[in-house]
Amino acid sequence: MLEKMEELNHEDVIKEFNSLTKDAERVQVETLRRILEENGNAEYLNSFGLNGRTDLASFKACVPLSTHKDLEPYIQRIADGDASPVLTGKPITAISLSSGTTQGKPKFLPFNDELVKSTMQIFRTSYAFRNREFPLKNGKALQFIYGSKQFKTAGGLPASTATTNVYRCSQFKNTMKSMQSQCCSPDEVIFGPSFDQSLYCHLLCGLIYREEIQVVSSTFAHSIIHAFRTFEQIWEELCTDIEEGVLSSRVTSQSVRNAMSRILKPDPELADLIRKKCKGLNDWCGTIPVIFPNVKYVYGILTGSMEPYLKKLRHYAGTLPLVCADYGSSEGWIGANVNPKLLPESATFAVLPDIGYFEFIPLRENPEDQKPEKTAATLLYSELEPVGLTEVKVGEEYEIILTSFAGLYRYRLGDVVKVMGFYNSTPKLQFVCRRSLILTVNIDKNTEKDLQLSVEAASKLLVNESIEVVDFTSHVDMSSEPGHYVIFWELNGEAKEDVIAECCNCLDRSFIDAGYVGSRKSNAIGPLELRIVMKGTFQKILQHYLNHGAAFSQFKTPRFVGLSNGGVLNILTDNVVKSYFSTAFS
């Protein structure tokens, strides 16, 4: 009876969402009022003379736009033990860490119960729409999720990644259970001390419960790919464990071994079945539906920096739908995927108007005849005054501004989004790119999206060689004049010299920004350099981050590596096996 009572009624959730989004403007005003009422005595707000006012006009007139740099001193005071109302009325009880893959080190961010509530709300909302399209029965999920190490700040606050803070909450388990998406692995595996041991046990649990698995998921697409690349290498060992009922000696954590001993029993018949399934696969195409026959879809963040992994993910998923997870960041959530049948490349996210107050800076690229001051930190746009959630226009691009219940006020997330339409009166957003510039030498400006498109174009030249780009990143080399772009590629095999040379030329030609093309023609930017690195190099980069306390659940390959990220840059340069320089503009 209890199980039945806990089951989520997705139609009720959809009705609630419809009600929220019918008058999103009113909900936004009310949400801002609640945020300012709850945090009216916060030092940060009162330093700008807000003095307890909760109306929109006063808020926008008094409180300026902010970045993490502006809030960092206040967050640090909280982390150091200041229990006064610094950013919020109620004390912040934990610190979240960003992934740290962009700047090389994680940022401290405030975390509280309101963030847990909004996380569960967005999970329930998107699940309701998914379940309408892809109904789940009572089963389990193979979730490749990993907790990170938790530590205490100087002031005694627990600090961990945002995902780990969520995984540790009882609400997370209850929500997953109500969504019939309970992880098939025990907590000891999720929070195990070793990523490699946890991954091994996730795969083993998935195989044991193969008939019950309905969803394969992880935070990011590359996590799922990494899991099944690993499966290709260790499937025989996993089968032996199942056959004998004894866990491999590679798992050394006693707590993990104890937890797995309650699940793992000798099952020679299952082991033989999995062996036959694996041997029958052609180049591991369609692994997921073959090994897990009742899976309905593959789920995770598949947009933005994850798009380059879609081809390989489709290889493993076969004909299974790839469904995009929701849109958010370590700072907070933004929108839910209410159109789960859309391809990842077309995914949109409907903003939940009651989980924060949202503003949008309309963006227009600076005209050619303007010569604004330019830095390597920000993509250049002519900025207009921020507009409200319901004032955005379809087809236009904006930067998102977030005011949250966790002490972020008019906070620039740095994400560029495009408005693709509306769900009732709330906008449906498509992620475009991070606003930060990653590649610039002269008057050029190329974003992560530009890099991604360039790599996609060049990698097509490898198809006839049956070679894939395993992963990639970039760097700007200013050690000699003129400076030039450097692209690092890891390949899954050896391609012919002339093919790689043409890939290098294609990369160079595919950056179509006028500033770049003009600078290349005038030799103000040197020839693009393609550096091929040894197999396993990006695995070393992953390990570098894990060794420094990052969580695999939040890890994203940095698409640009600057001099400030010296550890990763050293790994890349130490593993280069061959370099090629473009002749595209010769």
K.L.:
Show your reasoning for whether salt bridge (Lys or Arg N to Asp or Glu O under 4.0 Å) applies to Arg34 and Glu37.
P.N.:
CA-CA 5 Å; Arg34 283 178 51 220; Glu37 206 170 68; over 6 Å; no

K.L.:
Has Lys418 got more than 12 heavy atoms of other residues, nucleotides or ligands less than 6.0 Å from its NZ?
P.N.:
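Atom NZ in Lys418 is not crowded, with 12 or fewer foreign heavy atoms closer than 6.0 Å.
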
K.L.:
Report yes if some heavy atom in the side chain of Leu20 is under 4.5 Å from a heavy atom in the side chain of Gln121; otherwise report no.
P.N.:
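Yes; the side chains approach each other to less than 4.5 Å.
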
K.L.:
Do Phe488 and Phe472 make the cut of ring centroids closer than 6.0 angstrom?
P.N.:
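Distance test on ring centres: not under 6.0 Å, no.
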
K.L.:
Are Arg33 and Glu30 ion-paired here, with the side-chain N under 4.0 Å from a carboxylate O?
P.N.:
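The answer is yes: the pair qualifies as a salt bridge.
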
K.L.:
What distance do Arg130 atom CZ and Lys341 atom NZ have between them, rounded to the nearest 0.5 Å?
P.N.:
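Reported value, rounded in 0.5 Å steps: 14.5 Å.
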
K.L.:
Could you check whether any side-chain N or O of His484 sits under 3.5 Å from a backbone N or O of Leu528, counting only pairs where one atom can act as donor and the other as acceptor?
P.N.:
no

K.L.:
Start with the C-alpha gap between Asp444 and Ser519, add the side-chain angles, then the distance that decides, and say whether side chain to side chain donor-acceptor pair (under 3.5 Å) holds.
P.N.:
CA-CA 7 Å; Asp444 52 310; Ser519 297; 5.1 Å; no

K.L.:
Can Arg559 and Asp471 be counted as an ion pair, charged N to O under 4.0 angstrom?
P.N.:
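Yes, Arg559 and Asp471 are salt-bridged.
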
K.L.:
For the pair Ser459 (side chain) and Val469 (backbone), establish whether a donor and an acceptor sit closer than 3.5 Å, ignoring hydrogens and angles.
P.N.:
no

K.L.:
Kindly compute the distance separating OG (Ser118) from CG (Leu352), expressed to the nearest 0.5 Å.
P.N.:
9.0 Å

K.L.:
Considering only residues two or more places apart or on different chains, which pairs with a residue in residues 53-76 satisfy ring-ring contact (aromatic ring centres under 6.0 Å, His included)?
P.N.:
Tyr44-Tyr74

K.L.:
Measure from the ring center of Tyr423 to the ring center of Phe17 and say whether it is less than 6.0 Å.
P.N.:
yes

K.L.:
For Glu448, what residues pass the salt bridge (charged side-chain N to carboxylate O under 4.0 Å, His left out) criterion, not counting sequence neighbours?
P.N.:
none

K.L.:
Compute the ring centroids of Trp333 and Phe123, then answer whether they are less than 6.0 Å apart.
P.N.:
yes

K.L.:
Would the His222 and Phe555 ring centres measure less than 6.0 Å apart?
P.N.:
yes

K.L.:
Roughly how far, to the nearest 0.5 Å, is the OH atom of Tyr485 from the CG atom of Leu439?
P.N.:
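Reported value, rounded in 0.5 Å steps: 5.0 Å.
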
K.L.:
Between Glu399 and Arg412 (salt bridge meaning N to carboxylate O under 4.0 Å), is one present in this structure?
P.N.:
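A salt bridge links Glu399 with Arg412.
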
K.L.:
Indicate yes or no: does Lys69 engage Glu72 in a salt bridge with an N to O separation below 4.0 Å.
P.N.:
no

